[in-house]
Amino acid sequence: MKITRMQCYHVAPRWMFLKIETDAGITGWGEPVLEGRAHTVETAVRELSEYLIGKDPSQINDLWQTMYRGGFYRGGPILMSALSGIDQALWDIKGKSLGAPVATLLGGQVRERMRSYRWVGGDRPSEVIEGMQTLLAQGINYFKLNGCDQMAMIASSRAIDDAVARVAEIRETFGNTVEFGLDFHGRVSMPMAKVLIHELEPYRPLFIEEPVLPEQANAYARLATQTHIPLAAGERLFSRFDFKSVLEAGGLAIIQPDLSHAGGISECFKIAAMAEAYDVAFAPHCPLGPIALAACLQIDFCCWNATLQEHSMGMHYNQQADLLDYVHNKADFMVEQGFFKAPHLPGLGVQIDEEMVLARSQQSQPWRNPLWRHEDGSLAEW
């Protein structure tokens, strides 16, 4: 079997799908995208395809190393996102050719179902209580929300109080019938992270995500000594080599590599094993589309330390399309009482509606994250 063609499709709301074709008629799908930089990643996919066309898609390890090491310069969000989606598609082909889910090829299941959580509240968290009430009625009681609005490097007491009051209202309304993580989204400086995390202690959030920017990863261990709240991060780390220093330094209770940014299934399987050796939980980052989620679930069901799975169903970014709009086998991805079922179809287990992908790709518009500014006019972290 040889790879004959690789084609990218941009689709709403902010996703890019990759289809790899073979001379055996077996196709694989991946999701190589970097939110807001999809066209840049498409160029990287096209350049990497020079290593793949005419090659045997079953030789995933060698193809991965060739794409990673073959160009001398390596790593980073663009190249690793391109590599990630290609890797997903290669595993999809391998599973389909052997008639088995990827999780089976990686050693088999370690669990029967996977805990998920739902986003509430949007970029600037609002209507959180109403959102939780609606989802609770559907049997969902694990959530994530942005922990704060934009925050100055040295923020006012009002900004801190506003963020804490929102979390206090959740506990006052729901008690311990819900669990929720708080995403600081890298919006909080180290000095304010210390203050805000301390103030949030009584409300016992499930975790705090990206308490500081990844550029300040050396602060994770110091922050962890000052709180009992588990700290989570990793969506902006792009390989096991990035995670190596973070795990060695300590401080994180949960790592969150993104399977569309951190080397795909091949690399994130290794990252999960590294984290297990440090007694750190694994919770793949996934605010993207159905192929990315399918790849995450394959890993979740064969990694013992996989703990929580993010997904974008109903997410505030999903304008013009939602998570399962491009999927034929929607029932396989429905959340039941807060859990995903184990995948059972060969490959990634997702059957893509190619006609819809082709139609929507003709209408897709580039997505960009908003640019925020502080009250003094300086750029704020989104």
Side-chain angles (χ1 to χ4, degrees), residues 8-9 11 13-20 26-33 35 57 60 81 83-118 256-269 272 282-303 306 308-315 318 321-336 339-354 356-357:
C8 289
Y9 301 93
V11 294
R14 54 178 191 160
W15 308 330
M16 185 171 73
F17 300 161
L18 167 66
K19 181 183 179 183
I20 297 183
I26 299 174
T27 60
W29 288 88
E31 199 164 333
V33 67
E35 300 92 300
I60 298 174
S81 294
L83 194 161
S84 296
I86 294 170
D87 179 83
Q88 293 167 9
L90 293 175
W91 277 105
D92 196 28
I93 291 169
K94 192 169 191 97
K96 289 173 179 174
S97 69
L98 296 174
V102 171
T104 299
L105 303 182
L106 293 174
Q109 292 179 209
V110 295
R111 57 180 47 83
E112 296 177 356
R113 55 184 188 160
M114 184 67 200
R115 167 71 72 180
S116 72
Y117 59 79
R118 283 286 295 262
Q256 301 169 305
D258 190 307
L259 268 74
S260 282
H261 303 328
I265 290 170
S266 298
E267 187 76 343
C268 289
F269 186 66
F282 177 71
H285 180 255
C286 190
L288 292 170
I291 304 170
L293 175 61
C296 288
L297 291 173
Q298 296 293 338
I299 288 283
D300 289 332
F301 277 92
C302 65
C303 291
L308 293 164
Q309 183 55 62
E310 178 178 23
H311 64 86
S312 70
M313 207 174 300
M315 198 175 187
N318 292 358
D322 206 352
L323 179 66
L324 300 180
D325 287 359
Y326 301 102
V327 176
H328 282 306
N329 58 322
K330 293 177 173 57
D332 290 336
F333 295 91
M334 298 307 294
V335 176
E336 298 177 359
F339 289 87
F340 283 109
K341 304 185 295 288
H344 63 94
L345 295 176
L348 295 183
V350 59
Q351 296 174 337
I352 295 298
D353 185 337
E354 295 190 40
M356 181 170 286
V357 169

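Values below: every heavy atom of this structure, side chains too, minus hydrogens, waters and symmetry copies.
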In Å, rounded to the nearest 0.5 Å, how long is the span from CD of Glu267 to CG of Leu83? 8.5 Å
When the aromatic ring centroids of His311 and Phe333 are compared, is their separation below 6.0 Å? no
For residues His261 and Val33, report the shortest heavy-atom separation together with the two atoms involved. CE1-O, 2.7 Å
To the nearest 0.5 Å, atom CG of Leu259 lies from atom CD1 of Ile265 at 6.5 Å
Tell me if a side-chain donor or acceptor on Lys341 pairs with a main-chain N or O of Ala331 at a distance below 3.5 Å. yes
Distance, nearest 0.5 Å, that separates CD1 of Ile93 from CG of Leu348: 10.0 Å
With rounding to the nearest 0.5 Å, note down the distance linking CZ in Phe339 to OG in Ser116. 8.0 Å
Option passing side chain to side chain contact (heavy atoms under 4.5 Å, CB included) with Pro57 (candidates Ile86, Ile20, Ile26, Leu90): Leu90
Any donor-acceptor N/O pair, Asp322 side chain to Leu324 backbone, under 3.5 Å: no
Shortest non-hydrogen pair, Asn318 vs Pro13, comes out as OD1-CG, 3.6 Å
Could you check if a side-chain atom of Val350 sits within less than 4.5 angstrom of a side-chain atom of Tyr326, using non-hydrogen atoms only? no
If only atom types and distance count, is the side chain of Arg113 paired as donor or acceptor with the main-chain N or O of Glu336 below 3.5 Å? no
Classify the ring geometry of Trp29 against Tyr9: parallel below 30°, tilted from 30° to 60°, perpendicular beyond 60°. tilted
Should Pro287 and Arg14 count as side-chain neighbours, where that means a heavy-atom distance under 4.5 Å? yes
Donor-acceptor pair, side chain of Glu31 and main chain of Ile291, under 3.5 angstrom: yes
Do the side chains of Glu310 and Cys296 get nearer than 4.5 Å, heavy atoms only? no
Residues passing the side chain to side chain donor-acceptor pair (under 3.5 Å) test with Thr27, sequence neighbours excluded, are none
May I ask you to say whether Glu354 pairs ionically with Lys19, meaning some side-chain N is under 4.0 Å from a carboxylate O? yes
Without swapping roles, check the side chain of Asp332 against the backbone of His344 for a donor-acceptor pair under 3.5 Å. no
To check you understand the geometry: which heavy-atom pair defines the closest contact between Pro343 and Pro101, and what is its length? O-CG, 4.1 Å
For Ser260 against Gln88, the heavy-atom pair lying closest together: OG-NE2, 3.3 Å
Check whether any side-chain N or O of Gln298 sits under 3.5 Å from a backbone N or O of Ala103 as a donor-acceptor pair, and report yes or no. yes
Mind checking the OG-CG spacing from Ser97 to Asp92? Nearest 0.5 Å is all I need. 10.0 Å
Calculate, to the nearest 0.5 Å, the distance between atoms CG and SG belonging to Leu297 and Cys286 respectively. 8.0 Å
Would you say Gln256's side chain and Ala283's backbone share a donor-acceptor pair under 3.5 angstrom? no
Would you say Asp87 and Pro32 make side-chain contact, with heavy atoms under 4.5 Å? no
Correct closest heavy-atom pair for Asp325 and Met356 would be O-SD, 2.8 Å
Does Pro284 offer a backbone N or O that forms a donor-acceptor pair with the side chain of Gln309 under 3.5 Å? yes
Report yes if some heavy atom in the side chain of Val102 is under 4.5 Å from a heavy atom in the side chain of Lys94; otherwise report no. no
So which heavy atom on Phe301 is nearest to which on Phe340, and how close? CZ-O, 3.6 Å
CZ/Arg115: more than 12 non-hydrogen atoms of other groups inside 6.0 Å: yes
For His285, all residues meeting ring-ring contact (aromatic ring centres under 6.0 Å, His included), sequence neighbours excluded: none
